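What follows is a set of notes on a single structure, which appears directly below.
Bear in mind that the values here come from a model prediction, so they are computed numbers and not experimental data. By convention in this document, chain letters (A, B, ...) are assigned in the order of the sequence lines, proteins followed by strands, and residues within each chain are numbered from 1.
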Number of protein chains: 2
Amino acid sequence: MPVLNSLDALIEALKRLPGVGQKSAQRMAYHLLQHDRLAMPRLADALTAAGENIKHCERCHTFSEAPICGVCADVERDARLLCVVETPADQAALERTASYRGYYFVLLGRLSPLDGIGTRQIGAAELLARAAEESVEEVILATSFTAEGEATAHVLAEALKARGIKSTRLARGVPVGSELEYVDLGTIAHALTDRR
Amino acid sequence: MPVLNSLDALIEALKRLPGVGQKSAQRMAYHLLQHDRLAMPRLADALTAAGENIKHCERCHTFSEAPICGVCADVERDARLLCVVETPADQAALERTASYRGYYFVLLGRLSPLDGIGTRQIGAAELLARAAEESVEEVILATSFTAEGEATAHVLAEALKARGIKSTRLARGVPVGSELEYVDLGTIAHALTDRR
């Protein structure tokens, strides 16, 4: 087989993308080279620009090009609400719902003692200081409904409670558009308990 | 939602990759930014290097960093055989089988009159000149077994026949490892006709 160093290097680099294995990376590389050469410098430039420009917001820790992100800089938002999420992607998903008008705090992770991720790594002290600000009336814990996400929410809720700060958790229940028959039993049980 | 120009630009650029939609592109961008920043300059450099270095082999038209690719430059190969494939990816697949030792000619496409791809675009004249070289005894038409691939093989076979050059087609039949029950009927019919 011909040794194409640049091609092999491109395939290896593409394999670093999540969900991209050897076959997909080959397909992507061949596609770009044969059908979309213009996309190559464009993607290269976008990667370089994103890597250089995108930092974390000093206030909520989400991705931001400015020291303070657009949400934190928006004085029109409801300062009584503070929503805690694991990742900038989670925050973006919440924003897309257009049903939340408060501020955010992004943990950039979740408690996972086995991986060495404790309260310090998720910035718990900073979150507690933020939640103690006078304007904040409610902290919404929107971490994932996984074992680690639940544990994170539990630890944070306890710490907030000890400081007399009210915290809530996103509702668990049947997803919109789903048929009961195909929903897992744990979810149905929760939806039953939390019925309203 | 915060306007993150670099992030949006990165997501848009990632969407140009085949098989990557809005959701996958978002996931890739967030993954790179949060967990694998080092992969970003690496992929950017690989894209730039590949775009600049990878040209087409002057002889067989496959991807090559040198004017003549590794296969064409290999004098140990069997000069009696010339295998015609649609794409460099097809050629790479054939090379990986390690069961072909001849040379290649890559069409970089297939006949598709509706898309304006005729014999000129696939370099048919160049292929015929190459096939007419004294050493060549057999042209193996390894275009896809799709309607367009079959049409391409048919047109090339006719042109080769008119010049007195022998051409063969890859065998059609039941794929290795498959159970007959799940093979499509057209394939079984062909395998029956071509039984040996």
Atom pair [atom1] ([X]) and [atom2] ([Y]), whose distance is rounded to the nearest 0.5 Å:
X     : Y     : atom1 : atom2 : answer
A/T62 : B/L33 : OG1   : CG    : 10.0 Å
B/L10 : A/R42 : CG    : CZ    : 10.5 Å
A/L7  : B/E65 : CG    : CD    : 8.0 Å

_Quick check on the interface: out of B/G51, B/A49, B/A89, B/A98, who has the most heavy-atom pairs with chain A under 4.5 Å?_
B/A89
*Contact leader toward chain A among B/R27, B/E52, B/M28, B/H35, where contacts are heavy-atom pairs under 4.5 Å*: B/M28
With a 4.5 angstrom heavy-atom cut-off, which part of [X] approaches chain B: side chain, backbone, both or neither?
X     : result
A/R37 : side chain
A/P88 : both
A/E12 : both

_For residues B/F145 and B/L156: do they belong to one hydrophobic cluster (side chain heavy atoms under 4.5 Å, members Ile, Leu, Val, Met, Phe, Trp, Tyr)?_
yes
*Between B/L32 and A/L17, what is the shortest heavy-atom contact and its length?*
CD1-CD2, 3.7 Å
_B/R101 CZ: over 12 foreign heavy atoms closer than 6.0 Å_ = yes
_Checking side-chain polar atoms at under 3.5 Å, does A/Q34 have a donor or acceptor matched by the opposite partner on B/T87?_
no
